[in-house]
Amino acid sequence: MLPPVQCLYNTGSRNTAKSNFFQQSRNNRGCSLVLSHSGPFTAFFPLLKQPLTGVNEEVVCKNHLILGQHLYKALEGRDLNLYGGEKLRVKVNKHFILMSDPSRLYTIIQSDLPAANGIIHIIDRPITNSLPNGPPRDERFADKTIGEILRKDGKFNRFLSLVDNCGSPPPLHGAGPLTVFVPTNEAVDQARDGSILYMLNDAKDKLQELLRHHVFSQAVLTVDELAALSHVRTMANQLVTISASDDGEILLGEKGVRLASTNIMASNGVIHMIDGLLYPPSILPILPHRCDVIKSKVTVGPCVHCSYLHETQCPEGSVEMESYQIGCEYANLPLGPTHNKGCAKYCNATKQVAECCKGFYGPDCKPCIGGFQHPCYDKGTCVDGIHGNGSCSCHSNFKGIACHICSDPSKHGDNCDEECRCVHGVCDNRPGSGGVCRRGSCLEGFSGDYCDKKATPCNVDGLLAHCHIHAYCTHTGLDYK
């Protein structure tokens with residue numbers, strides 16, 4: 001096995017042609033950070049007869065690396081992300097192209113050379129053309145703090161709302177240095193199991209811990225520097241692991257949360273947007289879904305002569321109680337009476353029985369439809385419990401899997417007791433519909449929310465206008481009524 005990739009420029013004269021390339025970059029901070037990482041990663045070493053000139057060495061170096069370890073057979077037929085931002089497509093017969101310049105073909109001359117921290121493939125030429133400048137930096141608000149930037153753009157709205165309502169937010173306006181992982185609006189919206197609402201209303205200590213777990217307060221870590229680390233310890237004093245996906249993208253945490261956009265620079269740190277939430281183990285489970293029950297059962301130990309009671313033992317899994325039974329019968333010796341009166345210990349056996357809290361169901365205690373605080377949207381009763389199936393048994397006037405529809409097709413309203421106002425269409429008989437017609441249900445020739453307007457010819461030039469069925473079209477000046 002070869003030494004670590006970062007040391008290959010010292011592997012001897014036989015490898016000089018292919019190692020000079022990385023020797024050029026050994027003092028480059030951006031590349032050396034990655035090369036010093038424990039890995040694993042995949043490196044493409046080009047054959048060089050002389051050092052490259054007139055190139056951005058850091059960018060070129062990074063675009064010869066893939067995060068993660070990939071043998072050639074695992075690369076064939078796939079699209080992957082080079083660390084510097086370029087994308088490549090590996091073809092058959094050890095060829096690959098850059099997606100930005102598909103006309104230029106690269107050849108893998110030698111593959112699957114093992115190193116201490118990854119895999120090396122020797123290629124016929126350096127990747128130097130049409131390269132991006134690496135992960136870009138967004139410096140539009142570089143003079144603002146992270147706390148100020150969050151209020152500048154709607155894409156931070158959901159995370160900002162959590163910060164504003166948690167009671168004790170992380171110090172996003174402070175001096176720093178900070179690295180903040182901000183979930184996208186979509187990522188926050190996808191937490192639809194009621195956990196966010198529960199933390200906002202009933203468990204703000206957990207919400208505060210969740211937000212602190214999205215902040216690293218020891219340094220400003222750009223995406224380059226993140227890639228060089230195996231983990232970071234957040235303000236929640238818990239670890240977020242850093243790994244690579246099969247296609248070379250950075251992943252955060254046990255669930256592999258991906259980076260959505262990176263390097264949004266601030267005066268006190270940097271923001272990376274992520275496509276999921278990072279949950280610290282200390283707050284899991286978030287919802288109070290398990291309400292296990294301790295059940296007790298009193299049993300009786302062996303019956304013996306009362307003078308020998310202290311020598312008996314309770315059955316395994318039970319505990320001796322202070323009181324004991326007097327007058328039990330026990331078998332005597334063959335020559336004596338058949339049964340004698342004796343004593344027996346009372347023993348208490350306890351066991352924990354798995355149960356779901358109210359509003360949760362099934363072996364995993366999932367929240368009922370509508371959330372555990374308002375199961376079935378308060379319009380029915382959830383079949384909850386560890387043996388329940390989470391279905392809703394609707395109250396009178398309601399139906400549907402979530403009791404979200406009025407059972408009478410002509411009714412609407414919170415209690416499904418209001419007459420629908422749809423005239424020439426199908427009533428939208430949901431409790432909060434307002435009694436309008438279902439979209440697209442108006443009979444031919446009718447329109448409007450209530451299908452109560454009809455296109456009728458005006459009395460001047462035959463133009464059609466939509467009027468209420470109890471009105472007619474008149475022409476006054478330039479307007480039609």
Salt bridge Lys206-Glu209, side-chain N to carboxylate O under 4.0 Å: no
Test item: side-chain donor near acceptor, His95 and Thr107, under 3.5 Å: yes
Side-chain donor or acceptor of Asp364 paired with backbone N/O of Lys366 under 3.5 Å: no
SG(Cys422) to SG(Cys451) below 2.5 Å: no
Heavy-atom closest contact (Tyr72 atom, Lys94 atom, distance): OH-N, 2.8 Å
Side chain Asp275, main chain Leu259, donor-acceptor under 3.5 Å: no
Heavy atoms of other groups near His173 NE2, more than 12 under 6.0 Å: yes
Thr179 (side chain) donor-acceptor with Leu221 (main chain) under 3.5 angstrom: yes
Charged N-O contact under 4.0 Å between Asp189 and Arg158: yes
Enclosure of Ile401 CD1 (heavy-atom neighbours >12, cutoff 6.0 Å): no
Among Met265, Lys144, Arg140, side-chain contact (heavy atoms from CB on, under 4.5 Å) partner for Ile149: Lys144
Phe181 ring center near Phe216 ring center (under 6.0 Å): no
Shortest non-hydrogen contact between Gly154 and Asn185, atoms and distance: O-ND2, 2.9 Å
From Val180, Ile271, Val182, residue fulfilling side-chain contact (heavy atoms from CB on, under 4.5 Å) relative to Ile264: Ile271
Ionic contact status for Asp164 with Arg151, cut-off 4.0 Å: yes
Thiol sulfurs of Cys420 and Cys427 closer than 2.5 Å: yes
Cys416 and Cys406 SG atoms under 2.5 angstrom apart: yes
SG-SG distance Cys392 to Cys382 under 2.5 Å: no
Mutual orientation of the aromatic rings belonging to Phe44 and His121 [parallel < 30°, tilted 30-60°, perpendicular > 60°]: tilted
